[in-house]
Amino acid sequence: RQVLALSGGVGGAKLALGLTQHLGATELTVVANTADDFEHLGLSICPDLDTVMYTLAELSNKEQGWGIEGESWSCMSALAELNGPTWFRLGDRDIATHLQRSQLLRDGVSLTETTGQLNSALGVSYTLLPMSDDPVRTFVQTAQGELPFQQYFVGEQCAPEVTGFYFQGIEQARPQPDWMQLLAASQLAAIIICPSNPFVSVDPMLRLCGVREAMRQSKAPVIAVSPIVGGSAIKGPAAKMFTELGLGCSAIAVAEFYGDLLDGFVIDNIDVEQQAAIEALGIPCLVTNTVMKTLEDRALLAQQTLAF
Ligand code: FO1
Ligand code: CA
């Protein structure tokens, strides 16, 4: 039995950790978005890969959602004294991750292999794959013009009104091959779309050449967990984006966004009155608690999603 989880940052990583409570190291593969990646201070930074890695390694900073718990910030302080850029905060231990990854990439090691080496070193036994070894970069189109993703997200704190997205490199990028192989494998039992941002975390993965088709043709059911609960997002700008794009902000809007890709959809108890409308779209719905505060919440949601 094999389970595949597609994940962005925080929300996806939480469900991935829940899945590890039920699946052995050889049974779970997590594919993470790399369209948030960027080069900063000469370093290759992969926020979603690192959020999943630190979460599975139980090193993550839970309040912040990104980075490492108990970080020190000596390098950032020194950088500030030198009038260097401090808008994107890099902790001392986190910098070691970026230094090692950047060096491996410069040596010609693929992002897949690099990610594998970093995860093994931190004791993560599950397979974590980048969605592609080729660069894809999200640009957020806003009323104030087009912004590189991290400039929109961290620099502007998601304030500018969103009108659309552009994924630079998406046409040329090849989806990670082990991921494509798994989609075609007969042992694949489920494809879980984690409760991550549909526009900027999941859509880049789905837009890679051949991915939607391979997911549709897979014998495994595609099950998404709604990142929108009670009309808002647990974390991040998903709710704001749904509203600004005029799509309405609800679990139904998420189901419509994924459309015919879904064989099942998991929504929160608070959204139970949307169940009938989603099922009318031909998508069976599981209604449960999807707000993951504790490890028990994560494990229970993972178990119910697997059973569904
Ligand atoms: N998010 C912030 O809001 N502020 C930061 O200073 C910041 C630094 C940072 C450093 C490394 C890393 O892997 C992630 C970091 N993030 C930061 C989070 C990240 O940029 C976003 O959460 C994701 O790209 C969205 O999924
Ligand atoms: Ca299918």
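Counting starts at 1 for both ligands and their atoms, following the listed order.
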I'd like to check which ligand 1 atoms, numbered from 1 as shown, lie under 4.0 Å from a non-hydrogen atom of [X].
X      : result
Asp94  : 10 (C), 11 (C)
Val154 : 1 (N), 2 (C), 3 (O), 4 (N), 5 (C), 6 (O), 17 (C), 20 (O)
Phe153 : 21 (C), 22 (O), 25 (C)
Asp36  : 23 (C), 24 (O), 25 (C), 26 (O)
Phe149 : 24 (O)

- Message: Are any of the N/O atoms on Asp48, whether in the backbone or the side chain, positioned under 3.5 angstrom from an N/O atom of ligand 1?
- Response: yes
- Task: Would you check whether Trp66 has a nitrogen or oxygen atom less than 3.5 angstrom from a nitrogen or oxygen atom of ligand 1?
- Result: yes
- Under 3.5 Å: donor-acceptor pair, side chain of Asn61, backbone of Glu69: no
Report the part of [X] (side chain from C-beta onward, or backbone N, CA, C, O) that has a heavy atom under 4.0 Å from ligand 1; answer both or neither where that applies.
X      : value
Leu90  : side chain
Thr51  : neither
Asn197 : neither

- Note on the structure: All heavy atoms of Ala253 vs all of Gly248, minimum pair found to be CB-O, 3.4 Å
- Nearest non-hydrogen partners of Ile191 and Ser218, listed with the distance: CD1-OG, 3.6 Å
Pairs under 3.5 angstrom only: tabulate donor-acceptor contacts from the side chains of residues 114-122 to other protein residues two or more places apart or in another chain.
from: Thr114; atom 1: OG1; to: Ser110; atom 2: O; distance (Å): 2.7
from: Thr115; atom 1: OG1; to: Leu111; atom 2: O; distance (Å): 2.6
from: Gln117; atom 1: NE2; to: Glu113; atom 2: OE2; distance (Å): 2.9
from: Asn119; atom 1: ND2; to: Thr115; atom 2: O; distance (Å): 2.8
from: Ser120; atom 1: OG; to: Gly116; atom 2: O; distance (Å): 2.9

- Flag the pair Val254 / Phe242 as yes when at least one side-chain heavy-atom distance between them is below 4.5 Å, and no otherwise. yes
Let me have the donor-acceptor pairs involving side chains of residues 264-288, under 3.5 Å, with sequence neighbours excluded, atom names and distances please.
from: Asp268; atom 1: OD1; to: Thr290; atom 2: N; distance (Å): 2.7
from: Asp268; atom 1: OD1; to: Thr290; atom 2: OG1; distance (Å): 3.0
from: Asp268; atom 1: OD2; to: Ile270; atom 2: N; distance (Å): 3.0
from: Asp271; atom 1: OD1; to: Gly230; atom 2: N; distance (Å): 3.2
from: Asp271; atom 1: OD1; to: Gln274; atom 2: NE2; distance (Å): 3.3
from: Asp271; atom 1: OD2; to: Gly230; atom 2: N; distance (Å): 3.1
from: Gln274; atom 1: OE1; to: Ala251; atom 2: N; distance (Å): 3.1
from: Gln274; atom 1: OE1; to: Ile252; atom 2: N; distance (Å): 3.0
from: Glu279; atom 1: OE2; to: Cys285; atom 2: N; distance (Å): 2.9
from: Thr288; atom 1: OG1; to: Gln304; atom 2: OE1; distance (Å): 2.7

- Query: Taking the inter-plane angle between the rings of Trp87 and Phe38 on a 0 to 90° scale, is it parallel (under 30°), tilted (30 to 60°) or perpendicular (over 60°)?
  - Reply: tilted
- Task: Describe, in one word, how the ring planes of Phe139 and Tyr166 are oriented to each other, choosing from parallel (under 30°), tilted (30 to 60°) and perpendicular (over 60°).
- Result: tilted
- Query: In the protein, which heavy atom is nearest to atom 8 (C) of ligand 1, and how far is it?
  - Reply: Arg89 O, 3.1 Å
- Message: Students should be able to answer this: which protein heavy-atom is nearest to atom 20 (O) of ligand 1, and at what distance?
- Response: Gln150 OE1, 2.7 Å
- Item | Option of least heavy-atom distance to atom 12 (C) of ligand 1 (set: Trp87, Phe88, Tyr54, Phe38) | Phe88
- Item | Thr138-Tyr152 side chain donor-acceptor pair, cut-off 3.5 Å | no
